[in-house]
Visitor: 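My questions all concern the structure below.
Note: hydrogens, waters and symmetry copies are ignored here, and every other heavy atom, side chains too, is used. This structure is a prediction, so every number in the text was calculated from the model and none was measured. In this chain, residues are counted from 1 in sequence order.
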Amino acid sequence: MILRHAFTPLDNARLAHLCGPLDEHLRTIERALGVAISRRQEAFRVEGRRDAAEAALRLLGTLYEQAAQPIAAESLQLALVGAAADAGPAGPAGPGQRVVLHTRRTDLAPRTPNQARYLQQILSHDLSFGIGPAGTGKTFLAVACAVDALERSTVQRIVLTRPAVEAGERLGFLPGDMAQKVDPYLRPLYDALYDLMGLERVTRAFDKGLLEVAPLAFMRGRTLNHAFVILDEAQNTTSEQMKMFLTRIGFGSRCVVTGDVSQIDLPKGRASGLVEARSVLAGVEGVAFTEFDAGDVVRHPLIARIVAAYDAARSPAAGGAD
C-alpha cells in the first residue's frame, strides 16, 4: 500500500529534525517498520504493508510535532516501540487499556500491548507478576504504579525489595555499615524513584517513612498493611524466600513481583522461587501474570535482537538448554 502526506505549513527546521542527518531517522523508521519512505520537500510517500504504512505515517506526524528541537536517538527509539506495536498483528492497545499515572514523568505511558496489559493487571489485582527479559519496563512501570498509588493516597507507603544475590561474581566483603553493604543491590530501585518523583521528594518521603527500600532478608516476620510492595529480581529468590515474601501481604496492600527467569544467579541445585510461583499460582484467584518478550524491549533496539537470539538458542528446536 502507498500512503502520501504533506506537512503544512512548511517548516524547514522541523523537517530537518524529523528526517535527521542525511535522512538517518527516516532510514531507522524504514528498518523498524518494514516500509519504504521517500520525500520531496514537505511531501512524504510511505510504501509497505497497510498497517505498517499507516503506523509509519502516524509516527512521522507525531515526530513532526515534536521536532522544534533535534530528535534524540533515544526519543526516536521509544517512539518506534509504540509504532511497532501499532503495526503488529495484535494492533494497538484499545481505549480501555489507557492508563494515566500520577508521576513526575508526564510522558509515561505503556508502549506495547503487553505493557498496557501489565498496568491494567497491577491496578486490578492484589498480586501481579511481570516476567520477561531486561528492558521491558517491568520494574519501572511497577514503581510508577506505586508512586501513583501513594499520590492518590490509596496506600500509606511504598516498600521496594530485592534479593541480595551476586550476578555470578564474587564481590567479597563490602565496606561500610549494613545500609552501605546492600545499597549496590538496591540502586536500580532508587534510580526509578528519583526519575519518577525527583530527588527532593524522594528524600522527604524517606524521612517521613513513606518509602522503604530494603533487601528481601529484612522482610521476614513482617506484615505489610496498606502498602504497595514490589519484589524485584524475583528470579533470584529461593522457594522458601518467595513463600515468605508472599505471606507478608497485609490488608489494603498491593504486591507486584518482577523478574527474568533467563537470568537466574542462584547456586546450582537451588530452584528459583519465581519459576515455582509461576507454576503453583497459575489460576489462583486474585493473582495475575504478564509475560514479556523481545518485542516489549524499550531500550536500544540491539537489546531486543540479543534477547531474541538467546531465546532462539535456548529453544528445544535449536538444541539449546531450556
Side-chain angles (χ1 to χ4, degrees), residues 81 85 88 90 93 97 99 110-146 159-163 165 167-168 185 188-189 192 216 219 228-249 254-266 270-299 303-316 320-322:
V81 172
Q97 294 178 302
V99 177
R111 299 183 181 275
T112 71
N114 275 338
Q115 287 190 350
R117 190 178 305 113
Y118 181 52
L119 290 180
Q120 289 287 355
Q121 291 183 338
I122 290 175
L123 298 176
S124 59
H125 292 76
D126 290 334
L127 174 59
S128 304
F129 287 78
I131 303 174
T136 52
K138 306 182 303 295
T139 301
F140 190 81
L141 291 175
V143 175
C145 287
V159 179
L160 309 178
T161 184
R162 56 170 19 192
V165 176
Y185 297 102
L189 298 176
L216 180 60
M219 296 294 108
F228 199 115
V229 191
I230 299 174
L231 170 59
D232 190 34
E233 297 290 336
Q235 75 275 5
N236 289 328
T237 62
T238 63
S239 298
E240 296 80 9
Q241 287 175 324
M242 177 62 77
K243 182 179 178 182
M244 177 274 292
F245 171 78
L246 294 178
T247 54
R248 300 307 96 199
I249 304 173
R254 183 153 293 171
C255 178
V256 180
V257 178
T258 69
D260 178 1
V261 294
S262 70
Q263 297 192 42
I264 298 173
D265 300 312
L266 293 170
R270 298 302 299 271
S272 167
L274 179 59
V275 173
E276 181 185 63
R278 182 168 59 176
S279 172
V280 171
L281 299 180
V284 173
E285 184 179 356
V287 181
F289 288 86
T290 302
E291 300 277 352
F292 295 94
D293 56 31
D296 298 299
V297 173
V298 293
R299 295 181 185 170
I303 294 180
R305 296 195 290 272
I306 291 172
V307 170
Y310 272 97
D311 287 345
R314 291 192 182 96
S315 67
D322 186 23

Visitor: Measuring from L189:CG to R162:CZ, what's the distance to the nearest 0.5 Å?
Guide: 5.0 Å
Visitor: Of the non-hydrogen atoms in A234 and S272, which two are nearest, and what is the gap between them?
Guide: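 Heavy atoms only, the tightest pair is O-OG, 4.3 Å.
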Visitor: Which heavy-atom pair separates E240 from R270 by the least distance, and what is that distance?
Guide: OE1-NH2, 3.9 Å
Visitor: Has the side chain of K138 got a donor or acceptor atom that lies under 3.5 Å from a matching backbone atom of P133?
Guide: yes
Visitor: Assign the ring pair Y118 / F292 to parallel, tilted or perpendicular, where the plane angle (0 to 90°) is split at 30° and 60°.
Guide: perpendicular
Visitor: Would you give the length of the straight line joining atom CD1 of I131 to atom OG1 of T258, rounded to the nearest 0.5 angstrom?
Guide: 9.5 Å
Visitor: Can you name the closest pair of heavy atoms from G259 and L274 and give their distance?
Guide: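 Here G259 and L274 meet closest at CA-CD2, 3.7 Å.
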Visitor: Checking Q235 side chain against S262 main chain: does a donor-acceptor pair fall under 3.5 Å?
Guide: no
Visitor: Identify, with sequence neighbours excluded, every residue that meets salt bridge (Lys or Arg N to Asp or Glu O under 4.0 Å) alongside R278.
Guide: E291
Visitor: Please step through side-chain contact (heavy atoms from CB on, under 4.5 Å) for the pair N114 and T136, ending with a clear verdict.
Guide: CA-CA 9 Å; N114 275 338; T136 52; over 6 Å; no
Visitor: CD/Q120 to CG/L123 distance, rounded to the nearest 0.5 angstrom?
Guide: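 The distance works out to 6.5 Å.
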Visitor: So if I apply the side-chain contact (heavy atoms from CB on, under 4.5 Å) rule between L127 and each of I122, V229, V256, V257, which one comes out positive?
Guide: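 Going through I122, V229, V256, V257 one by one, the side-chain contact (heavy atoms from CB on, under 4.5 Å) with L127 is satisfied by V257 alone.
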Visitor: With rounding to the nearest 0.5 Å, note down the distance linking CD in E233 to CD in Q263.
Guide: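 That separation rounds to 7.5 Å.
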Visitor: Minimum heavy-atom separation for I249 to C255, with atom names?
Guide: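 Distance-wise, the nearest heavy atoms are CD1-CB, 3.7 Å.
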Visitor: Can you run down the side chain to side chain donor-acceptor pair (under 3.5 Å) pairs that involve residues 121-132, sequence neighbours left out, and say none if there aren't any?
Guide: Q121-T290
Visitor: Taking only residues two or more places apart in sequence, or in another chain, which ones meet E276 in a salt bridge (Lys or Arg N to Asp or Glu O under 4.0 Å)?
Guide: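 With sequence neighbours excluded, E276 shows a salt bridge (Lys or Arg N to Asp or Glu O under 4.0 Å) to no residue whatsoever.
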Visitor: For the residue pair L216 and T237, what are the closest heavy atoms and their distance?
Guide: CD2-CG2, 3.6 Å
Visitor: For the residue pair V297 and A134, what are the closest heavy atoms and their distance?
Guide: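 Answer, listing the atom of V297 first, then A134: CG2-O, 3.8 Å.
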Visitor: Does a side-chain heavy-atom distance below 4.5 Å link T161 with D232?
Guide: no
Visitor: What distance separates L231 CG from T139 OG1, expressed to the nearest 0.5 Å?
Guide: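 One finds 9.5 Å between CG of L231 and OG1 of T139.
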Visitor: Heavy atoms, side chains only, cut-off 4.5 Å: are R254 and C145 in contact?
Guide: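 A side-chain contact under 4.5 Å is absent here.
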